[in-house]
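Step one of this worksheet: look at the structure below.
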Amino acid sequence: MPFLISLNPILITNTDQMRYPFQEVESKWQKFWEEKEIYKTDLSNLSNKLYHLNMFIYPSGAKLHIGHWYHYGPSDTWARYKKLQGYNVFEPMGFDAFGLPAENYAIKTGVHPQDSTLKNISDIRVMLKRMGTMYDWNADLMTCVPEYYRWNQWLFLQLYKKGLAYRKNAPVNWCPKDQTVLAREQVLSDGTCERCGTVVVQKNLTQWFFKITDYADELLEGLNKIDWPEKTKIMQTNWIGRSYGAEVDFKIYGSSESIKIFTTRPDTLFGATYMVLAPEHPLVDKLTTAEFKGKVEAYRDSIKSMTEIDRTSTGKEKTGVDTGAFAINPVNGKKIPIWIADYVLMTYGTGAIMAVPGQDERDWEFAEKFGLPIIRTVQPPENFDGKAYTEDGPAMNSDFLNGLYVDDAKKKIINWLEEKGIGKKTINYRLRDWLISRQRYWGTPIPVVHCDKCGEVAVPENQLPVVLPYNVDFKPEGGSPLAGNSEFVRTKCPQCGGEAERDVDTMDTFVDSSWYYLRYLNPRYDKGMFDPKLANEWTPVDTYVGGAEHAVMHLLYSRFIHKFLRDIKLVNSDEPFTKLIHQGTITNQGAKMSKSRGNVVDPNSFIETYGADVFRMYLMFMGPYELGGDWSDKGIIGVDRFVQRTYSMFESYSNVAKENPSKEKYNLDELNETEKVIYRKTNQTLEKVSVEIDNFRFNTAVAALMELLNELKNLNECRKDFQTYSLERFAFMLSPLAPHLGEECWRLIGKEKSLFEKPLTFGVDEKALSVDNVTVAVQVNGKVRAKIEMSVNLPQDDAKKIVFADERVKNHTEGKQVVKEIYVPNKIYNIVVK
RNA sequence: GCCGAAGUGGCGGAAUUGGUAGACGCGCUGGACUCAAAAUCCAGUGGGGCUCAAACUCCGUGCCGGUUCGAGUCCGGCCUUCGGUACCA
């Protein structure tokens with residue numbers, strides 16, 4: 001007796017109205033798939049291999065939310081579809097288990113991050129299975145165990161050896177009360193700490209960096225070789241921000257010091273009427289004159305709590321102060337004042353600029369406000385009425401550059417600078433080195449020891465892992481929790497054996513996620529980071545699915561690490577992810593779902609009411625996968641109806657396939673009218689569904705199946721073996737979208753083997769796609785005036801006769817002069833009249 | 001602010017390359033079934049004009065302008081919303 005959701009006893013007597021018993025069916029097939037191990041990928045079989053990867057889960061809560069379902073459900077549909085097509089699909093799943101939220105949770109509740117994380121992971125694993133995904137759980141991994149993170153440490157050491165891991169000062173958001181570093185999201189919009197309300201300031205700390213800038217050029221050029229969304233490549237290009245220009249030294253008046261600046265417009269050097277240093281620039285203290293010291297200090301104080309975004313906002317009024325010092329413009333020997341201003345950042349270029357108000361909007365605004373001189377050095381066009389002129393034009397007021405256009409002027413001045421030894425051509429990047437230190441507990445300890453005698457000493461490889469201790473205090477204030485664990489901190493120097501202290505910083509979790517796709521291939525491999533043989537065979541990843549919010553950081557870091565691993569001969573490819581797909585974001589009432597907003601929608605109520613297949617298919621049906629959208633359950637009933645109708649249709653044809661095997665193909669001539677229509681529609685749908693799923697357009701794939709179902713209501717007018725033909729194809733197309741239901745329908749018509757146990761694919765009968773007649777739209781002056789049925793590929797002469805014989809066309813053309821006729825066969829016939 | 005997207009009926013959306021705007025679904029309206037309701041099934045459904053109805057016709061893809069025989073699609077300028085902005089992941 002099938003399970004019934006409704007408790008209404010009337011339904012039991014009315015078997016025709018039996019609802020699809022999803023709970024029974026779903027658990028049945030999940031059990032079946034697991035027992036038969038149909039998801040286990042044989043990694044030794046390389047023919048038709050396909051590595052399909054999803055960005056792994058961040059287990060911040062014990063539940064899957066709608067966003068997870070939206071990401072993983074459709075992506076799994078794609079993988080299942082590929083499996084049916086005969087690919088040997090590897091689709092793993094794991095847990096990005098380190099990170100800040102678990103630590104915040106510990107501060108709030110006292111639950112240790114390890115305990116809450118492991119609990120969340122085991123809950124999530126169960127729910128991922130209930131979703132009907134085909135992950136290979138043999139490849140399951142989590143980043144918070146020594147077995148995984150020791151290889152982060154090993155990676156760190158390799159980078160360190162090559163000089164690509166180093167320490168320097170960098171500004172961070174600092175809460176003076178909590179004595180701790182804050183993420184940008186922990187700083188409220190008014191610039192205060194989310195925990196204690198204190199105004200957050202910028203503070204310099206010594207931090208570990210990975211030298212990603214060494215790979216900047218290759219990271220740019222590699223973008224041409226990968227099949228990624230254009231917008232993502234553009235964002236990475238802009239993020240790296242390569243610009244060509246020059247470095248120029250400006251002598252400081254009355255001093256032996258000089259200021260090095262970077263400019264992309266060396267051609268405008270004659271228009272440099274003042275200089276600006278970043279307020280943090282080391283020279284500021286040296287060159288500020290006594291009478292300006294007070295103002296400079298006050299200014300530095302006033303911008304202490306400003307973020308880079310605030311500082312560089314062109315919408316904000318410019319601020320700055322004079323240092324009282326002067327520099328010498330090297331091209332004309334003029335004395336120009338040196339200012340400091342927040343719109344110049346220490347982290348970009350050299351932290352100093354020459355200001356050319358004539359050709360730069362920010363400089364113009366600044367000069368205007370503070371009464372600094374403005375000299376145009378590029379001739380604006382006659383009708384130009386703006387302020388700074390930033391476009392191309394002939395140089396003016398520029399001595400030996402006069403008359404030259406920007407490109408030529410740049411070349412000439414760079415030669416001049418290089419000859420005189422006061423400047424040179426340079427390439428500058430917006431990209432900064434990757435700051436990997438975190439003053440946090442829940443992450444990978446940095447494998448470095450600080451020794452009074454030997455200084456900074458890397459932990460030898462054979463002493464890895466440096467295990468993250470369990471016992472620490474989670475106080476909201478007081479810096480890194482690891483610093484409070486003396487057992488951890490106190491150690492011996494690996495070099496001299498003397499007393500030493502461990503580095504108490506942990507690594508950015510983006511380190512974990514920059515190579516996990518390699519570890520999946522054998523998560524328990526203990527001879528290295530990952531099995532290099534499998535890595536060479538199975539990577540790059542064929543398709544990678546994840547949110548666009550990772551467009552620059554994660555996706556740039558993993559490209560960098562992959563290239564580094566190639567350089568130390570561990571992988572043989574240049575790029576980690578060949579094809580990239582972004583699923584959209586599901587919002588609720590216009591906002592990202594989050595606990596703090598209280599707008600999280602729990603998928604479980606829908607799973608309980610409609611089942612996993614309906615929910616998953618509804619998410620696909622909602623709209624384009626890459627777009628996401630605002631959550632609404634309004635249409636889910638439509639998908640549920642589709643599922644109910646599908647199920648009852650298959651029920652009413654039970655065992656039809658067993659008793660009446662179908663033919664491979666049918667000849668259109670031997671079919672009756674209904675069969676002909678259904679045959680065409682079935683094959684059109686096969687074609688459509690295949691193209692749509694292939695391109696991650698699940699919404700239109702579901703719609704196509706709905707259309708086919710509508711057509712199949714006349715299936716009873718068809719002969720039995722033809723019914724089999726249509727139904728087995730229907731179940732086949734359904735099964736990647738609604739895997740449990742697909743399998744069940746397949747079984748209902750009497751198929752012995754499970755679809756996913758023994759994958760098979762149905763090809764399209766191309767002959768069924770051809771049509772005899774098409775509707776051609778007839779336009780007069782671009783407006784549709786008639787729609788006429790014509791035979792396919794009709795020559796223009798014949799089409800013309802039909803078109804001009806039409807009453808409606810006559811009405812709009814008679815008495816007028818036909819100027820032009822445009823005929824696009826099978827589509828449109830446009831007549832232009834005067 | 002900067003970088004990157006998106007905006008189409010009452011609603012989610014479709015229109016693969018510049019060629020019939022609104023597929024599919026929700027909702028709504030009417031009908032069938034029912035004592036009644038729910039469920040299900042059938043039909044209609046962008047807005048306006050004219051009309052018993054049909055036919056016909058005008059307007060319509062965020063706003064303004066442009067290119068083209070033809071623009072949801074291409075170009076320029078805005079508006080709104082979303083993602084990222086380097087310690088959330």
Side-chain angles (χ1 to χ4, degrees), chain A residues 6 8 11 14 16-17 19 55 58 60 96 98-101 104 170 172-173 180-186 207 229-232 234-235 237-239 241 307-316 347 430-440 508-510 513 547-554 556 582 584-585 587 590-592 594 618 621-624 626-630 632 634-639 641-642 644-645 691-692 695 697 699-700 702-707 710 713 775-784 786-787 808 811 819-822 824 827-832:
Chain A
S6 173
N8 188 339
L11 277 180
N14 190 349
D16 291 343
Q17 297 282 309
R19 282 183 59 85
M55 288 183 187
Y58 180 72
S60 63
D96 189 10
F98 273 141
L100 181 61
N104 283 341
V172 292
N173 295 314
T180 190
V181 180
L182 299 177
R184 199 168 66 98
E185 71 158 18
Q186 295 178 290
Q207 318 242 38
E230 213 45 49
K231 63 160 186 170
T232 310
I234 290 169
M235 278 190 269
T237 303
N238 293 336
W239 183 264
T307 65
E308 248 173 48
I309 294 173
D310 298 333
R311 285 176 54 166
T312 52
S313 163
T314 52
K316 154 188 159 301
T347 47
R430 206 189 74 98
L431 178 70
R432 308 205 288 252
D433 277 339
W434 175 10
L435 195 168
I436 60 133
S437 341
R438 297 291 180 268
Q439 286 69 47
R440 314 259 184 228
D508 181 4
T509 53
F510 280 132
S513 56
E549 65 271 22
H550 293 295
V552 274
M553 308 191 72
H554 160 60
L556 197 62
H582 294 305
T585 317
T587 55
K592 211 172 165 180
S594 72
Y618 174 59
F621 186 60
M622 267 174 50
E626 312 208 0
L627 240 135
D630 205 44
S632 157
K634 269 191 173 170
I636 194 167
I637 188 82
V639 175
R641 280 181 197 147
F642 167 74
Q644 300 302 337
R645 288 167 60 204
V691 172
E692 299 304 282
N695 290 291
R697 290 191 293 258
N699 53 332
T700 44
V702 175
L705 267 189
M706 286 175 167
E707 282 188 55
N710 291 342
K713 69 187 169 201
T775 307
V776 172
V778 184
Q779 301 181 334
V780 180
N781 288 347
K783 283 190 175 171
V784 179
K787 293 173 187 181
R808 290 160 296 190
N811 285 342
V819 184
K820 199 173 177 181
E821 288 166 61
I822 297 111
V824 182
K827 289 214 166 126
I828 214 150
Y829 198 109
N830 190 10
I831 304 157
V832 185

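Numbered from 1 within each chain, the chains take letters A, B, ... in sequence-line order.
Figure legend. B:rA5 is base-paired to B:rU81; pairs are counted as Watson-Crick or G-U wobble with both atom distances under 3.5 Å. Nucleotide B:rA37: unpaired (no Watson-Crick or G-U wobble partner with both distances less than 3.5 Å). In this structure, B:rG76 and B:rC64 make a Watson-Crick or G-U wobble pair, each of the two defining distances being under 3.5 angstrom. Within the shown strands, B:rG49 is the pairing partner of B:rC56 under the Watson-Crick or G-U definition, both distances less than 3.5 Å. B:rA43 is paired with B:rU29 under the Watson-Crick or G-U wobble criterion, all donor-acceptor distances under 3.5 Å.
Residues A:Arg440 and A:Phe98 are not in side-chain contact: their nearest non-hydrogen atoms beyond the backbone lie 4.5 Å or more apart.
Taking 4.0 angstrom as the limit, A:Arg641 places a side-chain polar atom (N or O) nearer than this to OP1 or OP2 of B:rC26. Between A:Arg19 and B:rU40 there is no side-chain N or O to OP1 or OP2 distance below 4.0 Å. For A:Asn699, a side-chain nitrogen or oxygen approaches OP1 or OP2 of B:rA14 to under 4.0 Å. Between B:rU85 and A:Arg432, no contact under 4.0 Å exists linking OP1 or OP2 to a side-chain N or O. Taking side-chain N and O atoms only, A:Lys783 has a distance below 4.0 Å to OP1 or OP2 of B:rC59. In this model, the phosphate group of B:rU85 is approached by a side-chain N or O of A:Arg184 to a distance below 4.0 Å at OP1 or OP2. Phosphate proximity of B:rA89 to A:Thr509: present, with a side-chain N or O under 4.0 Å from OP1 or OP2.
Of the N and O atoms on the side chains of A:Ser513 and A:Asp96, not one donor lies less than 3.5 Å from an acceptor on the other residue.
Look at the C1' atom in both B:rU40 and B:rG49: the space between them is 39 Å, to the nearest Å. Rounded to the nearest Å, the gap between the P atom of B:rG19 and that of B:rG70 is 14 Å.
You'll find that the side chain of A:Ile822 is closest to B:rG19, out of B:rG84, B:rA6, B:rG19. Checking B:rA14, B:rG25, B:rG19 against the side-chain heavy atoms of A:Phe621 singles out B:rG25 as nearest. Distances were taken from every side-chain heavy atom of A:Lys231 (C-beta onward) to each of B:rC24, B:rG19, B:rA5; the shortest belongs to B:rA5. Set against B:rC24, B:rC2, B:rU20, the side chain of A:Val784 has B:rU20 as its closest nucleotide.
Donor-acceptor pairing under 3.5 Å, judged by distance alone, is absent between the side chain of A:Asn238 and the base of B:rC3. You'll find a donor-acceptor pair under 3.5 Å spanning the side chain of A:Arg440 and the base of B:rC87, going by distance alone. For A:Gln207 against B:rC87, a side-chain N or O and a base N or O form a donor-acceptor pair under 3.5 Å.
Note that CD of A:Gln779 and CD of A:Glu821 are 13.0 Å apart. Values are rounded to the nearest 0.5 Å. To the nearest 0.5 Å, atom CG of residue A:Leu100 and atom CD of residue A:Glu185 are 7.0 Å apart. Taking OG1 from A:Thr509 and CZ from A:Arg438, the interatomic distance works out to 7.0 Å, rounded to the nearest 0.5 Å.
Nucleic acid contact class of A:Gln779 (heavy atoms, under 4.0 Å, all strands): base. Within the 4.0 angstrom heavy-atom criterion, base atoms lie near A:Lys787. Nucleic acid contact class of A:Asn710 (heavy atoms, under 4.0 Å, all strands): sugar-phosphate only. Here A:Met553 lies in heavy-atom contact (under 4.0 Å) with a base. Among the atoms of the strands shown, none is found under 4.0 Å from any heavy atom of A:His554.
With hydrogens and angles ignored, the 3.5 Å screen pairs no side-chain donor or acceptor of A:Ser313 with any backbone N or O of A:Ile309.
Nucleotides of RNA chain B nearest to A:Ile636 and A:Met235 differ in position, and the one nearer the 5' end is that of A:Met235. Annotation: of the two residues near RNA chain B, A:Tyr618 and A:Lys820, the 5′-most nearest-nucleotide partner is A:Tyr618.
Rounded to an integer number of Å, the gap from CD of A:Glu626 to P of B:rG13 is 14 Å.
Classification of the A:Phe510-A:His550 ring pair by plane angle, with boundaries at 30° and 60°, yields perpendicular.
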